Colleague: 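Sending over a structure as structure tokens; questions will come in a sec.
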Amino acid sequence: MQEVSHSYLEELNDTQRKAVTTLDGPVMVIAGPGSGKTRVLTFRIAHIMNSGVAPWQILALTFTNKAAKEMKERIERLVGSGANKIWAGTFHSLFARILRVEAHRIGYPNDFTIYDTDDTKSLIKEIIKGMGLDTKAYNPNAVKSRISSAKSNLITPKAYEANADLMNYDRMNRRPKIFQIYDKYVKKCLRAGAMDFDDLLLQMFKLLYQNPDDIKSKYQSQFQYILVDEFQDTNFLQYEIMKQLVKYDGSKENICIVGDDAQSIYSFRGATIENILQFEADFMNVQTFKLEQNYRSTHHIVEAANGIIGYNKRQIEKKIWTDYIGENKIKVIKALTDSEEGKRVADLIIEQKNRFSLENKEIAILYRTNAQSRVFEEHLRRQNIQYRIYGGLSFYQRKEIKDLIAYLRLTVNPKDDEALKRIVNYPRRGIGKTTIEKLVQFADDNEVSMWQGIPNIELSKRAQNLLAGFAGMIASFRKKNQGGINAYDMALFIARKSGILELLKSDNSIEGLNRVENLNALLDGIKEFVEDDELGDGENPLEKSLSVYLQNIALITDMDEDKGNTDVVTLMSVHAAKGLEYKSVFVVGMEENLFPSFMALSTPNQIDEERRLFYVAITRAKDLLTVTYANSRYHFGQMRFNDPSRFIEELPPENVDSIIPIKAKPEFGEPRVLGGIKPRLKQRNVLPKIDVSGFVVAAPNEIKEGMKVLHMKFGEGKVVSIDERQVASIHFTQLVENAEKRIMLQYAKLQILE
DNA sequence: GGGGGCTATGGGGGG
DNA sequence: CATAGCCCCC
């Protein structure tokens, strides 16, 4: 037996050490900002490994993949080797990895597509339009967030319809049919073999809960130790998954959660502080440790943070303190315009760099909304200060990148309707809007993906040939892809054969050249992925297929990318700054309607969350904190006037320099009031209510011309004709428009009436 | 079916 | 300001 060194324990204070060495049973660590939380987590994992536990038996759920990567590197240095085999990453990426192996057990292909926000939105929009509803009343964003929140709370479409609170809420907001959209959305995703971000959690839960082939015990016994970072930002569903993994007969319940209720800033995506309270109720004998000493910031910053958070009721009792007495108070700067704000921040950065010999990378500008980055960019560039913006439009969201990726997605999973719609006519091959609409309708009627509809839909000869040509190309890509080709060779082949590369190269404008460059950068990235010789769990090189590549990039964010050692000022949203620290921090745009956001003004709970967000913002600073606001700023091309943020007044005066407590009155430019909702409904099919109990599905070959049949969705109809591809034309008596539908017998659920 | 120009309209944070 | 969606023309 090798001698194990525990010398790292000497680097910890008493509470930290207890949090690291208490390995058995449920542990809760409440960790104030700058209290050495990351250190505790890494040391704890190292300690678990030193106690003889294999790295792959440890599940560490972090907030970003970058945090997981850094943690693994630090653990590697502490314990020698093996740290790369720890299951560390975000909920989404780790569950995607598991589902890639297990999805077939719950009705999904293992090669499932991950739908991003744009895919989700466009699908929801398609459904709304398909139902003849108005996209103004049924704002796709609003609908998406209702669906997302339903999924995060384990509410199925059926349960949604049966839930009086949800239905009343939707009725009050004039969106009574959200439950139907939700239902269609779920079905369409399944047909497309696609999971959205919420599904990565929801399907993981289903896998464990439904427990096909006793799969649950496999993961329960694998993950002997579970750690969850930023627990305050997990939602109900994430917590339920954790419980599936940890709570069972004979479990040692070795789970450690680390969080800070004061830094809970993600309730908009379903995170709930209740989880912290619930944890103590769900687990017996939870051992709680509170890390209250702040090692990061000056007393001015810590006291200001305490002062701010004191305005919030209801929090876990704790007192964050520091023995770091700083010289510089918090600076509050008022600017007349947003542009002046940008200039003053840039000037002050120059001044601070000289006076305190700061490097660019020790400085960050934090804002409430990504749209605010522009003025700072402008002025930093003017002053020749290197910077980097995180968040906003990422590389993978550029059009030319998404186009090629859509081809790759379709090659891996041809049922991916969103990918198909995107590129079926790009580059142009004469397949127009009408054809695509018909294909969408046909696929919907037959409850299949568009890809499955292509060989069976009846269109003009021309349209049919064009579609067949496209399908043939994709089929040839698929055939090539199944021959064990790596992702790079495949992607290059597709970029050439699809005509994308050629099309982009024919554009000699600056933007065109840029696009070619971006596409090449994407191909380089794929090459890098292929050549990376990182080892997987079983010491085998990780698989380099297109499918694995797509899974990797679907969950990548700006934050995960290496900044390298470049010396740049960081610009990012406050949300993105969670967990980070800088010597000098500028929190900008501190105005009513912006921070706190106008969306939050009417709800006390949301104001509290904005306040926690401000708390997170200021506690990123180690030495210097500057808070700025502007009397006027451009927003959507309009000049707007805002009062200074209430949070500025909440800063304790003794920790602040040069505060100017003037409440500017708006002179003109009152906020534009959005108009009322004007529903504009066309006469549409109202689908008949069909009693599905006692429904007898007929075999495809039993259906004959002239028969009267019952369809699950469209009700009674008469079979007009059946063609050689087994597509039947059926006239449905209860439909108002497009009563004659073409239905694929292979998939149709029809009952013979007479 | 495709392209170009014009208008109306969003309104946050992110995996 | 940015862009989706519409209208009109080829």
Side-chain angles (χ1 to χ4, degrees), chain A residues 61-67 89-96 114-118 120-122 125 129 135-136 139-142 144-145 148 151-152 195-202 230 233-235 237-238 264-271 338 366-372 374-375 390-394 396-397 399 425-437 459-460 462-463 466 553-560 572-578 589 593-601 606 609-610 612-614 616-617 633-640 671-675:
Chain A
L61 297 154
T62 57
F63 203 68
T64 63
N65 287 313
K66 188 174 169 223
T90 60
F91 279 87
H92 290 87
S93 67
L94 294 182
F95 295 165
I114 298 173
Y115 272 177
D116 67 15
T117 311
D118 290 341
T120 296
K121 244 193 265 180
S122 98
K125 205 165 181 178
K129 286 187 173 172
T135 49
K136 286 189 189 66
N139 176 319
N141 270 323
K144 172 175 166 283
S145 111
S148 171
K151 285 185 170 184
S152 305
M195 296 195 198
D196 64 17
F197 289 133
D198 297 313
D199 279 323
L200 295 176
L201 308 176
L202 181 58
E230 309 285 6
D233 287 326
T234 55
N235 63 31
L237 176 52
Q238 287 168 318
S264 161
I265 54 174
Y266 278 93
S267 75
F268 72 91
R269 62 178 209 219
D338 50 352
L366 308 181
Y367 34 73
R368 179 64 181 82
T369 68
N370 285 310
Q372 287 165 257
R374 265 187 64 155
V375 273
Y390 285 85
L393 193 74
S394 91
Y396 294 101
Q397 306 208 40
K399 185 191 173 304
N425 196 35
Y426 179 83
R428 270 183 213 114
R429 41 180 79 92
I431 301 170
K433 220 168 57 186
T434 322
T435 303
I436 296 168
E437 264 168 26
L459 298 160
S460 69
R462 179 187 133 85
L466 291 168
I553 58 158
L555 298 169
I556 235 169
T557 69
D558 236 15
M559 304 306 301
D560 298 324
M572 58 168 70
S573 70
V574 182
H575 281 93
K578 188 169 80 159
N593 296 316
L594 187 57
F595 200 168
S597 158
F598 68 97
M599 309 277 288
L601 292 182
Q606 289 193 48
E609 176 144 324
E610 297 285 313
R612 291 192 296 269
L613 192 57
F614 185 52
V616 168
R633 71 172 60 240
Y634 275 97
H635 199 48
F636 288 101
Q638 246 191 334
M639 174 100 88
R640 304 284 294 271
R672 187 153 54 105
V673 178
L674 293 173

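Per chain, numbering begins at 1; letters A, B, ... match sequence-line order. Only a predicted model underlies this, so the values are computations on that prediction, with no experimental measurement involved.
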Colleague: With Y115(A), which residues qualify under ring pair (Phe, Tyr, Trp, His ring centres under 6.0 Å), at least two apart?
Modeller: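 So Y115(A) forms no ring pair (Phe, Tyr, Trp, His ring centres under 6.0 Å) with any residue.
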Colleague: Expected output check: what is the dot-bracket annotation of DNA chain B, where ( ) and [ ] are pairs inside the strand (brackets for crossing ones), | is paired with another strand, and pairs are Watson-Crick or G-U under 3.5 Å?
Modeller: ||||||||||.....
Colleague: Look at all strands and tell whether Q238(A) reaches a base, only sugar-phosphate, or nothing, counting heavy atoms closer than 4.0 Å.
Modeller: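 Touches nothing.
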Colleague: Kindly write out the residues that satisfy side-chain hydrogen bond (donor to acceptor under 3.5 Å, both in side chains) with T234(A), not counting sequence neighbours, or none if the list is empty.
Modeller: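 Checked T234(A) against side-chain hydrogen bond (donor to acceptor under 3.5 Å, both in side chains); matches are N275(A).
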Colleague: Does a side-chain N or O of N141(A) approach OP1 or OP2 of dG11(B) to a distance below 4.0 Å, or not?
Modeller: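 Result: yes.
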Colleague: Describe the nucleic acid contact of S93(A) in one word from base, sugar-phosphate, nothing, applying a heavy-atom distance below 4.0 Å.
Modeller: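 No contact.
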Colleague: Quickly work out the K121(A) NZ to dG10(B) C1' distance and round it to whole Å.
Modeller: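 Atom-to-atom, K121(A) to dG10(B), this comes out as 10 Å.
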Colleague: Just jot down the salt bridge (Lys or Arg N to Asp or Glu O under 4.0 Å) partners of K144(A), sequence neighbours excluded, or say none.
Modeller: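 Expected list: none.
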Colleague: Could you check which of dT9(B), dG12(B), dG15(B) has an atom nearest any side-chain atom of F197(A)?
Modeller: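 Looking only at heavy atoms from C-beta outward on F197(A), the closest nucleotide is dG15(B).
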Colleague: Just by modelled atom types, is the Q238(A) backbone N or O under 3.5 Å from a matching donor or acceptor in the N235(A) side chain?
Modeller: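 Yes: the side chain of N235(A) pairs with the backbone of Q238(A).
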Colleague: How close or far is atom P of dG12(B) from atom OH of Y266(A), stated in whole angstroms?
Modeller: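 Y266(A) atom OH is separated from dG12(B) atom P by 16 Å.
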Colleague: Any idea which of dG14(B), dG15(B), dG11(B) is nearest the T90(A) side chain?
Modeller: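 Looking only at heavy atoms from C-beta outward on T90(A), the closest nucleotide is dG15(B).
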Colleague: Would you please name every residue forming a salt bridge (Lys or Arg N to Asp or Glu O under 4.0 Å) with R633(A), sequence neighbours left out?
Modeller: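 For R633(A) the salt bridge (Lys or Arg N to Asp or Glu O under 4.0 Å) partners, ignoring immediate neighbours, are E341(A), E591(A).
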Colleague: Measure from OH on Y426(A) to P on dG2(B) and round the result to the nearest Å.
Modeller: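 Taking OH of Y426(A) and P of dG2(B), I get 14 Å after rounding.
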Colleague: Nearest-Å distance, CZ (F268(A)) to P (dG14(B))?
Modeller: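 So the CZ-P distance, F268(A) to dG14(B), works out to 7 Å.
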Colleague: Figure out the CZ/P separation between R269(A) and dG12(B), and round it to whole Å.
Modeller: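 Whole-Å distance recorded here is 17 Å.
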Colleague: Using the salt bridge (Lys or Arg N to Asp or Glu O under 4.0 Å) criterion, which residues pair with D198(A)? Sequence neighbours excluded.
Modeller: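 Counting only residues at least two positions away or on another chain, D198(A) forms no salt bridge (Lys or Arg N to Asp or Glu O under 4.0 Å).
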Colleague: Examine dG1(B): is either OP1 or OP2 under 4.0 Å from a nitrogen or oxygen in the side chain of T434(A)? Give yes or no.
Modeller: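 Result: yes.
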Colleague: D116(A) side chain to A554(A) main-chain N or O, any donor-acceptor pair under 3.5 Å?
Modeller: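 Pair absent, no side-chain N/O of D116(A) close to backbone of A554(A).
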Colleague: When all nucleic acid strands are considered with a 4.0 Å heavy-atom cut-off, which category describes F598(A): base, sugar-phosphate, or nothing?
Modeller: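 Here F598(A) touches the backbone only, sparing every base.
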Colleague: For the residue pair S93(A) and T90(A), confirm or rule out a side-chain donor-acceptor distance under 3.5 Å.
Modeller: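 Per modelled atom types, S93(A) and T90(A) side chains form a pair under 3.5 Å.
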Colleague: Give me the distances for all protein-to-nucleotides 3-7 of chain B N/O pairs that come in under 3.5 Å?
Modeller:
{"unit_1": "dG3(B)", "atom_1": "OP1", "unit_2": "R428(A)", "atom_2": "NE", "d": "3.3"}
{"unit_1": "dG3(B)", "atom_1": "OP1", "unit_2": "R428(A)", "atom_2": "NH1", "d": "2.2"}
{"unit_1": "dG3(B)", "atom_1": "OP2", "unit_2": "R428(A)", "atom_2": "NE", "d": "2.0"}
{"unit_1": "dG3(B)", "atom_1": "OP2", "unit_2": "R428(A)", "atom_2": "NH1", "d": "2.8"}
{"unit_1": "dG3(B)", "atom_1": "OP2", "unit_2": "R428(A)", "atom_2": "NH2", "d": "2.4"}

Colleague: Figure out the CZ/C1' separation between F614(A) and dG12(B), and round it to whole Å.
Modeller: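 About 18 Å, once rounded to whole Å.
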Colleague: For T64(A), which residues count as a side-chain hydrogen bond (donor to acceptor under 3.5 Å, both in side chains) partner, sequence neighbours excluded?
Modeller: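 Checked T64(A) against side-chain hydrogen bond (donor to acceptor under 3.5 Å, both in side chains); zero matches.
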Colleague: For S597(A), report the nucleic acid contact type (base, sugar-phosphate, nothing); a contact means any heavy atom under 4.0 Å.
Modeller: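 Base contact.
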Colleague: Who pairs with E610(A) by salt bridge (Lys or Arg N to Asp or Glu O under 4.0 Å), at least two apart in sequence or on another chain?
Modeller: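 Once residues adjacent in sequence are excluded, the partners of E610(A) under the salt bridge (Lys or Arg N to Asp or Glu O under 4.0 Å) criterion are R368(A).
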Colleague: Looking for any heavy atom pair under 4.0 Å, which part of the strands does L201(A) touch: base, sugar-phosphate only, or nothing?
Modeller: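 Touches nothing.
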Colleague: Please enumerate all residues that pass side-chain hydrogen bond (donor to acceptor under 3.5 Å, both in side chains) together with R269(A), with sequence neighbours excluded.
Modeller: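 Testing R269(A) for side-chain hydrogen bond (donor to acceptor under 3.5 Å, both in side chains), a comparison that skips the adjacent residues, returns none.
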Colleague: Taking only residues two or more places apart in sequence or in another chain, which ones pass ring pair (Phe, Tyr, Trp, His ring centres under 6.0 Å) with Y266(A)?
Modeller: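 In terms of ring pair (Phe, Tyr, Trp, His ring centres under 6.0 Å), with neighbours along the sequence ignored, Y266(A) is linked to F63(A), F268(A), H575(A).
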Colleague: Are any of N425(A)'s side-chain N or O atoms less than 4.0 Å away from OP1 or OP2 of dG2(B)?
Modeller: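 It does, given that an N or O in the side chain of N425(A) lies less than 4.0 Å from OP1 or OP2 of dG2(B).
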Colleague: Take nucleotides 2-10 of chain C nucleotide by nucleotide from the 5' end and write B, S or -, depending on whether a protein heavy atom sits under 4.0 Å from the base, only from the sugar-phosphate, or from neither.
Modeller: S-SS-----
Colleague: Does a side-chain N or O of S573(A) approach OP1 or OP2 of dG14(B) to a distance below 4.0 Å, or not?
Modeller: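 Looking at the OP1 and OP2 atoms of dG14(B), one of them is under 4.0 Å from a side-chain N or O of S573(A).
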Colleague: For N139(A) and dT9(B), is the shortest distance between a side-chain N/O and OP1 or OP2 below 4.0 Å?
Modeller: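 It does not, given that no N or O in the side chain of N139(A) lies less than 4.0 Å from OP1 or OP2 of dT9(B).
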Colleague: Would one find a side-chain N or O of T435(A) under 4.0 angstrom from OP1 or OP2 of dG1(B)?
Modeller: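 So the side-chain polar atoms of T435(A) do come within 4.0 Å of the phosphate oxygens OP1 or OP2 of dG1(B), strictly under.
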Colleague: Under 4.0 angstrom, heavy atoms only, what part of the nucleic acid is Y634(A) near: base, sugar-phosphate, or nothing?
Modeller: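 No contact.
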Colleague: Once you apply a heavy-atom cut-off of 4.0 Å, does T117(A) come out as touching a base, just sugar-phosphate, or nothing?
Modeller: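 Base: the residue T117(A), judged by heavy atoms under 4.0 Å, touches a nucleobase.
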Colleague: Nearest to the side chain of R640(A) - dG11(B), dG10(B), dG12(B)?
Modeller: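 My answer, after comparing the listed nucleotides, is dG11(B).
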